[in-house]
Amino acid sequence: MKMIPMNNDVIAEKVNKALIEEFELEPERLSPEARIRDDLGLDSLDIVDMVIVLEKSFHFKLHDKEPLATIQTLGDIYAFIAVLRDEGTIRAEQ
């Protein structure tokens, strides 16, 4: 299997794909500016599910939930995953 470098576009694609599959969201609604609660309609329980889905998609375990408090938009999620990549928490290639 070919390893794909995990640049920011790949992160956005993987996040979007996971959310589309888990929450049956329309792809056209998924932009970096989309607010998770207001625009995508995810509630607190959905957000817990979203974290689990992202952990599985990117093969990491989020031990500290504190950073999640600042996440408001899809762009925030993309940036958060990029930070995990840059810290080495997740592999730069998937």
Novice: Under a single-linkage rule joining Ile, Leu, Val, Met, Phe, Trp and Tyr whose side-chain heavy atoms are separated by less than 4.5 Å, which residues share a cluster with Val48?
Specialist: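 Its cluster mates, by chain and number, are Ile52.
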
Novice: The criterion is side-chain contact (heavy atoms from CB on, under 4.5 Å); which residues satisfy it with Asp86, sequence neighbours excluded?
Specialist: none

Novice: Nearest 0.5 Å please: distance from the CG atom of Leu40 over to the CZ atom of Arg29.
Specialist: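 One gets 5.5 Å once the value is rounded to the nearest 0.5 Å.
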
Novice: When rounded to the nearest 0.5 angstrom, what is the spacing between CE in Met50 and CD1 in Ile71?
Specialist: 6.5 Å

Novice: Rounded to the nearest 0.5 Å, how far does CD1 of Ile20 lie from CG of Leu30?
Specialist: 5.0 Å

Novice: Short question: side chain of Asp49, backbone of Asp46 - any donor-acceptor pair under 3.5 Å?
Specialist: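 Not confirmed, Asp49 side chain does not pair with Asp46 backbone.
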
Novice: Given Tyr78, which of Asp9, Thr73, Asn16 fulfils the side chain to side chain donor-acceptor pair (under 3.5 Å) condition?
Specialist: Asn16

Novice: Count the heavy atoms of every other residue, nucleotide or ligand shown that sit under 6.0 Å from CD of Glu26, and state whether that count exceeds 12.
Specialist: yes

Novice: Which residue pairs satisfy the salt bridge (charged side-chain N to carboxylate O under 4.0 Å, His left out) criterion with at least one member in residues 32-41, sequence neighbours excluded?
Specialist: Arg35-Asp38, Arg35-Asp39

Novice: Distance alone, cut at 3.5 Å: any donor-acceptor contact between the side chains of Arg85 and Asn7?
Specialist: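 Short answer, no.
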
Novice: Side-chain heavy atoms under 4.5 angstrom apart, residues restricted to Ile, Leu, Val, Met, Phe, Trp, Tyr: same cluster for Phe80 and Ile47?
Specialist: yes

Novice: What's the shortest heavy-atom distance between Ala18 and Val53, and which atoms?
Specialist: CB-CG1, 3.5 Å

Novice: Might you point out which heavy atoms bring Phe58 and Ile11 nearest each other, and give the distance in Å?
Specialist: CZ-O, 3.9 Å

Novice: How long is the span from the OG1 atom in Thr70 to the CD atom in Gln72, to the nearest 0.5 Å?
Specialist: 7.5 Å

Novice: Say you draw a straight line from CD of Glu87 to CZ of Phe60; how long is it, rounded to the nearest 0.5 Å?
Specialist: 11.0 Å

Novice: Step by step, would you call Ile36 with Asp76 a side chain to side chain contact (heavy atoms under 4.5 Å, CB included)?
Specialist: CA-CA 10 Å; Ile36 295 165; Asp76 294 341; over 6 Å; no

Novice: In Å and rounded to the nearest 0.5 Å, what is the NZ to NZ distance from Lys56 to Lys61?
Specialist: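 Reported to 0.5 Å precision, the distance equals 9.5 Å.
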
Novice: Is any side-chain heavy atom of Ile77 closer than 4.5 Å to a side-chain heavy atom of Leu74?
Specialist: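 Side-chain contact under 4.5 Å: yes.
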
